[in-house]
Amino acid sequence: MAAPSGVMSAERPDTLQALSAAAVSRSMAALEPDVWALPGHLLRGLLPLLSVFRLERAEAAARRAGLSTQPIWRQLWDDVMKTRPPNSENIRCWKKKFFETFFSNVLHGVLDVSSDWRLNDHHFSPLLHSSPHVSQLTLCNMLQGAVELVAERNQKVLENLASSLRILKFQHLLSSDQSIRHSLVLLLHRLIHHGSVSHVSMCAWPVPDTVLLVLILSMSAGFWRSGNALTYHSSPCGLCREEGDTQSQKTTQEPSEKGCCSEEWTDGIHQKESPRALEQADRRAEVNGRVADTGQNTALSGLNCFPLENQACEEADIKVSCNHTSRQGSSCFSEQPPHRSALRKSRRRVKSAVGKKRRCLRRSRALCADLDDLYDFVFTVAREDSSVSIDQNTTTEGENAENLSSSSTGSLCCGHAGCKRRGGSSGIFSLKASHRFRSVSTLELFSIPLTGDMCRTLSNLLSSWVSLENLVLSYNGLGANIFCILSGLQALSQHSGCCLRVLRVSDVFSHMPCMELVRCILSVFPQLRTLSVSFDLKNQLEGNRPEGNSSCSDSEIPECCLEQLEIRFPREPLHTTFLLPVLKASKSLQQLSLDSATLPSSQELGLLLQALKECNPNLKKLSFHDVNLADHQKEVLLLLQDPMLQEITFSFCRLFESCTTEFLSEIINTVKRNSSLKSLKLPGNRLGNHRLVALADIFSEDSSSSLCQLDVSSNCIKPDGLLEFTKKLEGYIQQRGGKIQFTHLRLFQNWLDQDAETAQEALRRLRAVCSVVNDSWDSSQAFADYISVM
């Protein structure tokens, strides 16, 4: 390895120790065992001269010598990646960050390992040695990375990823051919069904390929058919076969979701069960009253060839308006008792289908890979329209959400085109001949338009996705189809093992008023812990619609488990009367964030504070963003003296727009007396220099404040003002004998570039007192704001 010698000569080493370290680094293959026993002061000079391969192997020896390799990995990042990673201050392990990015860059062909001598080691296999450190991976464009990973030469790499990978992202995808989709099937099956991936995210897909999108969604939900599509290098999936053999030896135990089968679905390992045993299982389920679940268990546990269809019921007395059952060709129940008829039909089908199931399993063991299976799985719905009957009381596609909203209480999508379409099942995801494997717990869809058919597919998947904990739907153009998604969530909420706790919905246009949607969601899914609803603009067709005129507004919200509520209004007025039922039902609420709302009257904020005090005694964090509070000084002071709140945010609320000296003094004195407030965030409120300096009085000797974090980002602060604030703060700390709880200061987007020398002095002195987070921002962009503060 001549490169280290060249590096050392360029740096003109002038010590014998440096020359010796360079010589040793060139002979590490022979000297490695002895090198790890070197004392720390010698090892410190050697570590920066090692290749990536040797440096990783030196980790244990460095720890024993009390040395950290983090600075070396950070320098490697700077030299090889040549970019500044986002949120670099939050990176705890630069080794992991380097290898994760290195793996992705090599996989996608954007990094040449010969570009740096530290990467060019004949012992070092780039993908193989970096894969154990990869917990997040992004696949993009034509999915070239997926094709590379399932290649036979990378079998060990794929095994490493199955253990280490937690987050799988798809970005800027394009249409692909069948061979690429087949590679994707193999990859998802290994990483999700038999791996550790728990988080799937898709983003920036303006014109999604329907086949590809349904493929990723279905396999993320744990569904896929067995057989030829799961062959790997001309052999069936060995893990499926092993797990099947293991499960067949434990037929008395309930199937575990961790393996090839979930707690409700199997992949044919119970093929030896008799129809009599399945009938007995039906009877037990009937006694327990679990009809919906029984339909799924019977149809897909005992028989793999029946589809799961998203049925719609229009009965006013049925709580779940879009029942998700697995009865082929069944319709909604109108006058006959549903339980007995459904079970009788299921039992009749079980007897006649045992032979079919065995034939399906025999076909699944064929060794030749038939790529048409992909299309068979995704698009069987198009061929099932003639065999599936839906309740005849369907509405036409032209009917809108008004019919939905005016329907009976508790009915979400009765008659709505978003959930039913001309009496057929077009677009509804079919689980024909499918198995249930391990599924992910987090699904995120960003900037992917979802059509009505795709929403019905997603709704059907959601209806039994019991492992799902977090669902994020962002800028998907849902419109009225939001009700179809809610119907799937409502069916999901009926499962005792349902894990969904976080739901985030955001879009450009709101189909209905925000508070109305919040009430609908909580009525459907009271188990939620976190709910975020965010819209940019009102729907033009809904702009003049009076708020609170639908069944969601009229229905009573059951007591829910909500702990965090975030609402971004599309410039809608905030009416406390509509928010009050939500607050009353959310006794456990700890965080509330209100964004871009308008206050219709001067009393509205006072009513909100009174409601929070009465209904939500556990509230710890309250945030207002882009809400004009310039004329609500009294209410602001009441919030700051609340003894229960630990974090208060006034972000871009024009708090000091017409602020008097008396109001600023009242704010400071109120915070000084509040010993429970830990964090005060005031970004974008036009503090300016003199108000920032005044805020330092919060930490004076006579203060009982426990404030730990202060955010003054985007407040037109200049270097001289920051330096004066620092000097004043230092004086108070000295007066208090160095005992102060203040630990974090955020200074993003201030005018610190106007006098770099003064700014550096202020930051240096501040960092001796607390942790400071700032950025290099061009203040010329904010000249107009500066003029308004002058």
Side-chain angles (χ1 to χ4, degrees), residues 52 55-56 59 62-63 67-105 130 132-138 164-169 171 196-201 203 441-442 444 446 469-470 472 474 502 504 530 532 564 566 591 593 620-621 623 625 646-649 651 678-684 707-715 717 722 741-750 752-753 759-760 762-764 766-778:
V52 168
L55 180 59
E56 185 185 18
E59 289 284 338
R63 282 195 300 270
L67 302 176
S68 172
T69 59
Q70 289 299 304
I72 304 175
W73 290 108
R74 173 62 197 264
Q75 188 61 48
L76 263 171
W77 173 279
D78 294 337
D79 295 344
V80 176
M81 306 304 173
K82 297 181 173 60
T83 59
R84 180 181 178 182
N87 301 319
S88 58
E89 66 277 359
N90 297 326
I91 297 176
R92 296 183 178 181
C93 181
W94 280 98
K95 171 186 171 183
K96 181 182 185 305
K97 180 66 177 177
F98 174 83
F99 272 129
E100 198 166 61
T101 306
F102 174 80
F103 180 91
S104 179
N105 289 349
S130 59
H133 304 280
V134 179
S135 61
Q136 177 175 315
L137 177 64
T138 300
S164 66
L165 197 65
R166 297 294 182 271
I167 302 175
L168 182 59
K169 295 185 176 182
Q171 189 172 359
S196 302
V197 170
S198 59
H199 183 148
V200 169
S201 175
C203 65
S441 59
T442 298
E444 297 180 343
F446 295 98
E469 299 175 8
N470 303 277
V472 180
S474 183
V502 178
R504 300 184 184 276
T530 298
S532 176
Q564 181 176 346
E566 301 172 359
Q591 301 181 43
S593 176
K620 299 293 188 294
K621 297 181 180 180
S623 173
H625 176 78
Q646 297 179 4
E647 179 178 307
I648 299 177
T649 301
S651 175
K678 306 296 182 184
S679 175
L680 180 60
K681 299 181 180 181
L682 303 170
L707 198 67
C708 300
Q709 301 182 25
L710 179 64
D711 188 345
V712 290
S713 301
S714 305
N715 268 300
I717 297 169
L722 183 62
Q741 299 187 35
F742 185 53
T743 57
H744 289 81
L745 178 67
R746 296 176 67 88
L747 288 166
F748 287 112
Q749 295 186 346
N750 281 298
L752 304 183
D753 62 332
Q760 289 303 317
L763 291 172
R764 177 181 57 80
L766 269 175
R767 289 191 174 106
V769 174
C770 62
S771 173
V772 181
V773 182
N774 69 309
D775 58 356
S776 55
W777 186 61
D778 184 4

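By convention here, the first residue in the shown sequence is residue 1.
- Although no hydrogens or angles enter the test, the distance criterion places a donor-acceptor pair under 3.5 Å between the side chain of W77 and the main chain of T83.
- To the nearest 0.5 angstrom, S68 atom OG is 11.5 Å from K95 atom NZ.
- Scanning for salt bridge (Lys or Arg N to Asp or Glu O under 4.0 Å) contacts around K96 gives E100, with sequence neighbours left out.
- Qualifying side chain to side chain donor-acceptor pair (under 3.5 Å) partners for Q709, counting only residues two or more places apart in sequence or in other chains: none.
- Considering CD1 of I717 and CG of L747, their distance stands at 6.0 Å, rounded to 0.5 Å.
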task = In sequence, state the C-alpha distance, the side-chain angles, and the governing distance for H199 and E444, and then conclude on side-chain contact (heavy atoms from CB on, under 4.5 Å).
result = CA-CA 8 Å; H199 183 148; E444 297 180 343; 3.2 Å; yes
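- Looking at R746 and D711, a side-chain N of the basic residue comes within less than 4.0 Å of a carboxylate O on the acidic one, giving a salt bridge.
- Distance check: D775 CG to Q749 CD gives 6.0 Å after rounding to the nearest 0.5 Å.
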request  = Would you sort out whether L722 and N750 count as a side-chain contact (heavy atoms from CB on, under 4.5 Å), showing the intermediate values?
outcome  = CA-CA 10 Å; L722 183 62; N750 281 298; over 6 Å; no
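- Taking the six-membered ring where tryptophan is involved, the planes of F102 and F98 are essentially parallel, since the angle between them stays under 30° and well short of 60°.
- Using a distance-only test at 3.5 Å, with no hydrogens or angles considered, no donor-acceptor pair links the side chain of T649 to the main chain of S623.
- A side-chain donor from one of E566 and S532 sits under 3.5 Å from a side-chain acceptor of the other.
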query = How far apart are the C-alpha atoms of S196 and R166, what are their side-chain angles, what is the distance that settles it, and do they pass the side-chain contact (heavy atoms from CB on, under 4.5 Å) test?
reply = CA-CA 6 Å; S196 302; R166 297 294 182 271; 3.0 Å; yes
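- A distance of 5.5 Å separates CD of Q741 from NZ of K678, quoted to the nearest 0.5 Å.
- Under the side chain to side chain contact (heavy atoms under 4.5 Å, CB included) criterion, T69 pairs with L47, L55, E59, A62, W73, not counting sequence neighbours.
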task = In sequence, state the C-alpha distance, the side-chain angles, and the governing distance for H133 and S164, and then conclude on side-chain contact (heavy atoms from CB on, under 4.5 Å).
result = CA-CA 7 Å; H133 304 280; S164 66; over 6 Å; no
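- Between the D78 side chain and the L76 main chain, no donor and acceptor come within less than 3.5 Å of each other.
- No side-chain heavy atom of S679 sits under 4.5 Å from any side-chain heavy atom of Q646.
- S714 contributes no side-chain N or O that, together with a main-chain N or O of P683, makes up a donor-acceptor pair within less than 3.5 Å.
- We find the OG1-CZ distance between T530 and R504 to be 6.0 Å, quoted to the nearest 0.5 Å.
- Counting heavy atoms from C-beta on, the side chains of V472 and F446 come closer than 4.5 Å.
- In this structure, CH2 in W94 is found 9.0 Å from OG1 in T101, a value given to the nearest 0.5 Å.
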